Amino acid sequence: MLYSRRQLLGLASTAAFASAVGKLSVPRSLWAAQQGASRDRYDPWIEVIPDALAHNVGQVRRLGGSPILAVVKNHGYGLDYRIVARILEPMPDVAGFAIVRAEEALALRAQGVRKPILLMARAADADVAELVARDIMLSVYADDDPGRLPRLARARAPIAVHAYLDTGMSRMGIPYHRALPLLRAVTGNRAFRLAGAFMTFTEELDFDREQLARFTKVVDDAREAGMTLGALHAASSHSVFHHRDVGFDLVRTGMALYGSYPGDFAVERPMAELRPAFRLRARVVRTDRLRPGDSVSYGRRYIAAKPTWVATLPLGHGDGYPRTAVNGAKVLIGERLHPVIGAVSASHCIIEVGDEERVRVGDIATVLGPDHPDIHPNVVAGATGSVYDLLMHLNPSLPRMVE
Ligand SMILES: *Cc1c(COP(=O)(O)O)cnc(C)c1O
């Protein structure tokens with residue numbers, strides 16, 4: 001299959017997205033992808049599917065009940081945060097973006113993203129002024145933030161911040177039992193505008209309820225003391241599925257937007273139909289017919305019992321395809337599925353094709369995507385481990401293109 005430039009730019013998708021994506025000044029990676037998708041190039045690539053993102057936004061909105069602060073951290077869960085933000089921004093249900101790296105937040109502004117962006121991290125001293133100048137909302141949680149941020153920002157207008165509360169993760173945020181003084185310091189300082197307050201669930205269902213009670217208590221106490229907290233948000237993808245009452249003003253989801261279920265696939269799938277919003281693909285670079293007794297890859301974990309065709313894909317664990325794919329992951333070529341055998345090495349994996357030569361050099365293999373239930377990321381993750389690892393370990397240097 002050859003991709004036209006029109007398809008690569010997303011102009012072949014639905015009219016609404018055509019207009020949004022058509023404004024794209026083409027990142028270099030898309031041009032690289034165009035070459036990657038031509039028949040005589042053999043580098044693996046990722047295709048982002050705008051219609052699936054739009055569909056998943058609708059599903060998350062329905063489940064969570066609130067507008068979405070779309071989490072685009074970790075390179076947009078492997079899809080490329082710049083492409084994802086470009087596609088999501090025009091959607092009315094997407095209120096803004098949350099991200100962890102300052103550099104990525106700035107890159108979104110530089111490419112023209114106008115919706116609110118929240119940095120869920122400690123901003124380095126050297127970055128504060130620029131982040132504030134680019135209208136990126138900062139998280140406040142450290143005891144030194146009320147003094148440090150205004151001093152570094154050197155801004156005339158108040159700095160928009162969200163208070164990050166720790167209700168039991170012990171990871172980021174101000175511990176809830178010490179949160180009120182921080183909230184008072186922020187709301188009592190004209191250098192700040194408290195635009196929101198948020199927390200993260202441990203996703204341990206019973207303890208989540210306790211965390212919610214802690215959060216609600218801080219919010220109630222602050223309001224009783226006359227403070228205005230702005231938008232409250234807590235729900236990640238898991239909470240959108242499992243706690244229908246924590247939507248607050250925004251839901252802060254990542255994984256579900258990209259079409260994978262955050263927890264138990266069997267439980268969550270009946271609750272919402274998510275569509276994988278990307279494909280991971282590569283072209284076959286070699287085929288061969290093994291003789292009985294021939295072995296495959298490092299460690300010789302596969303030995304042919306009978307004459308068997310195998311094919312090599314130029315895709316390996318260095319690209320983010322896990323070594324554990326040999327534990328049952330399958331690859332789609334045309335209409336057929338083929339198991340991954342032997343070992344996944346840094347730049348290659350090998351699939352069993354069967355007793356006939358059904359696969360040719362140059363054929364497109366889809367390793368993850370919406371095209372067959374067995375290559376759905378949640379199903380592949382059933383063999384390889386966490387679906388979060390599967391998406392977030394996709395090598396950022398792989399070319400991305402828009403379907
Ligand atoms: C990653 C992250 C999210 C999104 O989680 P998903 O499970 O991908 O929906 C939300 N909030 C915080 C603080 C995060 O780090």
Side-chain angles (χ1 to χ4, degrees), residues 53 56-57 59-79 81 84-85 88 93-102 104-105 116-123 136-142 161-176 196-205 208 211-212 215 231-244 246-265 267-268 271-272 274 276-278 377-378 381 385-394:
L53 281 168
N56 299 333
V57 163
Q59 295 289 301
V60 169
R61 176 73 211 246
R62 179 179 63 76
L63 279 175
S66 300
I68 299 162
L69 191 59
V71 180
V72 294
K73 69 188 184 195
N74 293 82
H75 207 55
Y77 290 58
L79 280 68
Y81 64 102
V84 165
L88 291 180
D93 288 332
V94 175
F97 300 96
I99 201 158
V100 173
R101 296 266 157 84
E104 295 181 349
I117 299 175
L118 172 64
L119 183 70
M120 303 189 296
R122 179 174 172 96
I136 289 157
M137 297 188 291
L138 306 180
S139 296
V140 284
Y141 65 89
V161 293
H162 286 222
Y164 200 159
L165 269 54
D166 173 18
T167 57
M169 279 284 273
S170 307
R171 181 180 70 169
M172 287 287 283
I174 176 95
Y176 69 101
F198 69 109
M199 59 155 281
T200 303
F201 288 108
T202 55
E203 304 185 356
E204 203 273 316
L205 285 171
D208 284 350
Q211 288 184 271
L212 182 62
F215 186 67
L232 305 180
H233 47 105
S236 64
S237 300
H238 183 270
S239 321
V240 164
F241 277 93
H242 300 285
H243 303 293
R244 303 301 287 271
V246 301
F248 290 116
D249 299 309
L250 296 166
V251 294
R252 201 178 61 246
T253 54
M255 187 56 81
L257 300 178
Y258 307 110
S260 293
Y261 296 85
D264 186 339
F265 192 31
V267 173
E268 291 164 353
M271 300 169 70
L274 301 179
F278 72 102
N378 284 104
S386 157
V387 75
Y388 283 82
D389 292 3
L390 200 54
L391 270 70
M392 291 190 185
H393 295 181
L394 293 170

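Every number for a ligand or one of its atoms is a count from 1 in the order of the listing. In this text, all values refer to a predicted model and were calculated from it rather than measured experimentally. Basis for what follows: all heavy atoms, side chains included, without hydrogens, waters or symmetry-related copies.
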Looking at [X], which atoms of ligand 1 are within less than 4.0 Å of one of its heavy atoms?
X      : value
Tyr388 : 6 (P), 7 (O), 8 (O)
Tyr164 : 13 (C)
Thr253 : 9 (O)
Val71  : 3 (C), 4 (C), 10 (C)
Thr200 : 13 (C)

Any Arg171 heavy atom less than 4.0 Å to ligand 1: yes
His238 to ligand 1, any heavy atom closer than 4.0 Å: no
Could you tell me whether some N/O pair between [X] and ligand 1 is separated by less than 3.5 angstrom?
X      : result
Ser236 : no
Lys73  : yes
Met120 : no
Glu203 : no
Ala256 : no
Tyr77  : yes

Phe198 and His233: aromatic ring centres closer than 6.0 Å? yes
For the residue pair Phe201 and His243, is the inter-centroid distance of their aromatic rings smaller than 6.0 Å? yes
Is there a donor-acceptor contact under 3.5 Å from the side chain of Tyr141 to the main chain of His162? no
Is it the case that the side chain of Ser66 and the backbone of Phe248 share a donor-acceptor pair, with hydrogens and angles ignored and the cut-off at 3.5 Å? yes
Side chains of Asp166 and Ile174 in contact at under 4.5 Å (non-hydrogen atoms): no
Is Phe241 touching ligand 1 with its side chain, its backbone, both, or neither, if touching means heavy atoms under 4.0 Å apart? neither
Indicate whether any N or O donor in one side chain lies under 3.5 Å from an N or O acceptor in the other, for Glu203 and Ser236. yes
